[in-house]
Amino acid sequence: MAVSQSDGERELAELIVTALNLEGVLPEEIDPEAPLFKTGLGLDSIDALELALEISKRYGFQLRSDDENNVHIFASLRSLAQHIAQHRVN
Amino acid sequence: MTQLPPVHVEGVAFWTAQLPDWQTARAVIRGESLPPQARIARPTPALLAPTERRRAPDTVAVALEVGMRACEAAGQDPAMLAAVFASTHGDLAISDYLCATLAATPALISPTRFHNSVHNAAAGYWSIGTKAHAPYTALSASVHTFGNGLLEAATQALSAGQPVLYVAFDAEARGALASMAPSRGLLGVAVVLGVETPAKPSRRLTLTVAPCDTPRPTSARSPAASLVAHNALAPCLPFFEALADPSPRALVLTLGEQLELQVGLQ
Amino acid sequence: MHFQPLVVSAYTLCTAAGDGRAATLHALRERRGGLRRNDFSHSPLETWIGRIAGLEHQPLPAHLAAWECRNNRLAWRGLLTDGFLAAVAAARKRYGAHRIAVVLGTSTSSIGASEEAYRRLEPDGSYPPDLRRPIVHTPHSLGDFVQHALQLHGLCVTVATACSSSAKVFAQAERLLRAGLADAAVVGGVDTLCGSVLFGFNSLELVSPEPCRPFDAERRGINLGEAAGFALLEREPARGPRFIGYGESSDAHHMSAPHPEGLGARMALEQALARSGMQPQDVDYLNLHGTASLRNDEVEARLVAEIFPAGVFASSTKGWTGHTLGAAGIVEAAITLLALEHGILPGTLNTRRLDAACGPQIRCENSAGEVRRAMSFSFGFGGSNCVLAFAREAQA
């Protein structure tokens with residue numbers, strides 16, 4: 001499947017696959033617009049916390065679990081990469 | 001001295017890097033074949049859904065592997081069995097990770113590794129993977145862990161009149177903790193203990209708890225001994241050596257500093 | 001051979017709310033909890049904790065120094081409370097040191113000692129000399145210490161099934177006695193505050209920045225606490241309240257979240273009712289798990305509302321003690337025994353407005369009355385559930 005990822009999306013895709021030990025998923029094959037949770041990559045609430053931790057380590061800012069925009073921020077690889085691009089410190 | 005009524009060993013399983021199943025382990029214990037050169041890093045916890053499988057540490061992988069194989073050998077549905085899980089040290093790699101991270105950057109503890117750090121992680125994943133609502137327990141008794149777990153499994157089987165799965169495992173120590181809780185390699189063993197005479201041939205197991213001044217546990221002496229000697233669960237090996245020998249055997253495991261478990265296998 | 005009721009011939013507890021039965025009873029009656037702002041962790045963490053005062057200045061006696069660590073200090077303090085040590089010594093004379101089993105629960109045992117070693121490793125990366133004691137760096141540290149401290153030589157295991165640990169020890173001990181492997185058993189559990197649990201539960205966003213409010217509509221999570229508790233179980237003719245049943249089950253659902261319909265909890269409860277020969281209306285008091293986590297309390301409240309009649313008095317006492325994890329089972333069993341013996345019905349401290357999921361059973365305010373039969377619920381990570389049932393002595 002050929003999908004078009006930006007550089008930021010590709011970097012984030014690699015972080016997700018590594019941090020969550022996703023089996024049989026190649027970073028370059030994650031559709032940037034597909035849902036990350038439940039139906040998409042099959043991630044759950046623990047994965048969200050793990051991902052938030054890895055993002056804070058890599059990009060130097062905190063994702064807050066009580067942020068009411070989380071549904072949008074974590075909707076897809078694209079939305080999450082955009083949020084990181086706007087808030088990253090590192 | 002207290003002797004329990006006999007139970008039956010309905011199924012046996014064994015896993016370590018060079019002896020990745022009971023068939024192979026039994027042949028090596030009997031001296032019928034040499035240990036394979038190939039070393040398998042860890043078994044695949046095929047029982048788990050992808051979400052749990054990718055999170056499962058080595059301890060969980062090996063516990064689930066031997067648990068499944070023992071149930072298969074016994075012809076028992078794992079979902080129906082109560083289970084006893086025993087491990088001397090639990091997941092030493094995670095303990096090392098937690099201690100090292102807490103010393104450096106405590107706020108950066110991984111939630112996944114933390115929830116895998118509980119001593120009952122393997123038991124918890126087992127119940128999730130097999131959909132077993134029957135109770136499990138998870139225990140530890142330092143160098144006496146294997147014998148105490150075996151006794152608890154037999155006690156549970158006799159008390160409920162139902163078969164019980166017994167799984168024991170220990171893993172490789174990491175970091176500074178390895179100097180205090182030494183353990184090398186990954187080792188998992190399991191038996192299903194039943195109370196009714198099974199249809200197929202099985203071994204009858206009689207356990208006797210005996211006070212003593214100093215326990216004199218049976219030493220491992222088979223060619224498999226050197227493959228598990230440095231794992232914290234190594235004291236289990238004489239029991240599996242006896243199981244590998246089809247003739248009646250007696251052996252001693254330790255239960256405490258002044259308590260031994262006399263094991264009869266018919 | 002079926003379950004045989006046992007006598008709780010001695011019991012004690014030490015929590016942030018107080019040392020021993022009398023102090024606990026007083027704290028319950030006066031509604032004076034033991035929670036305080038977190039001053040334990042070496043890095044700041046905004047939460048409240050149930051910390052035991054003074055442990056830092058209470059080293060173990062010289063003959064037990066090999067087991068030195070915070071968790072075993074708290075165990076020792078528990079053994080010295082309410083005459084428990086003397087009660088076990090008397091039992092040792094009656095039965096012999098080989099005939100008394102030690103079955104104790106903990107979640108993290110003395111991992112605090114390993115954490116400390118990692119904070120002050122030698123320049124070559126090795127352990128500091130004072131912490132080169134292997135027994136305190138393994139989960140059985142607790143059971144091994146208590147067995148030595150009590151000079152017992154019978155069966156001894158440490159059970160670690162997270163927050164159900166020191167409830168499940170009652171069930172295991174009953175089976176050991178029934179099988180004839182012991183004549184009496186010391187059960188209980190100890191857990192102490194440490195970085196692993198404070199920062200671990202924080203990583204799961206389960207700790208509350210304010211005093212915990214079990215079953216409150218606006219609850220914000222748990223407060224971690226530390227505690228020790230012990231009970232001596234014997235057969236008749238020993239005197240004391242009765243341990244009349246237990247139920248154990250697995251959720252088979254998720255490592256760190258309860259089954260959404262409380263399936264495992266319900267199975268454990270139904271088993272405990274059946275084993276103790278009780279109907280739901282026979283129960284006078286329920287000490288709930290009630291951690292103040294969002295998920296646990298919702299599931300547990302619905303279960304209680306569904307199973308029990310309105311007249312049953314149910315509460316969580318974690319507002320007094322915090323969630324003491326592997327010690328929660330024995331702490332709450334001991335509070336349940338206090339309810340049976342003294343007719344106190346503790347409410348739910350700190351809770352202002354009950355969650356809509358709560359039925360009339362769950363109470364905020366204290367009450368008093370005859371308590372003949374009572375139950376205590378414990379549910380843990382890994383989906384491990386245990387429910388214990390007790391009865392007043394006269395109700396044997």
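All chains are named by letter (A, B, ...) in the order of the sequence lines, taking the proteins before the strands, and each is independently numbered beginning at 1.
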Kindly check if the number of other-residue, nucleotide or ligand heavy atoms within 6.0 Å of [atom1] ([X]) is above 12?
X: Asn90(A); atom1: CG; answer: yes
X: Arg54(B); atom1: CZ; answer: yes
X: Glu23(A); atom1: CD; answer: yes
X: Arg64(A); atom1: CZ; answer: no
X: Gln62(A); atom1: CD; answer: no

Subject >> Pairs of heavy atoms under 4.5 Å with chain A: top-ranked of Pro50(B), Ala49(B), Ser110(B) >> reply: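 If we count pairs closer than 4.5 Å to chain A, Ser110(B) comes out on top.
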**OP:** Please name the pair of heavy atoms, one in Thr51(B) and one in Gly42(A), separated by the smallest distance, quoted to 0.1 Å.
**Re:**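 Of all heavy-atom pairs spanning Thr51(B) and Gly42(A), the closest is OG1-O, 3.8 Å.
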**OP:** Looking only at non-hydrogen atoms, find the nearest pair between Ile109(B) and Leu53(A) and report the distance.
**Re:**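 The answer is O-CD2, 3.5 Å.
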Subject >> Rounded distance (nearest 0.5 Å) linking atom CG of Asp44(A) with atom CD of Glu52(B) >> reply: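 Between Asp44(A) CG and Glu52(B) CD, I get 7.5 Å after rounding to 0.5 Å.
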Original post:
Mind checking whether Lys57(A) and Thr105(B) have side chains closer than 4.5 Å, heavy atoms only?
Top reply: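 Lys57(A) does not reach Thr105(B) side chain to side chain.
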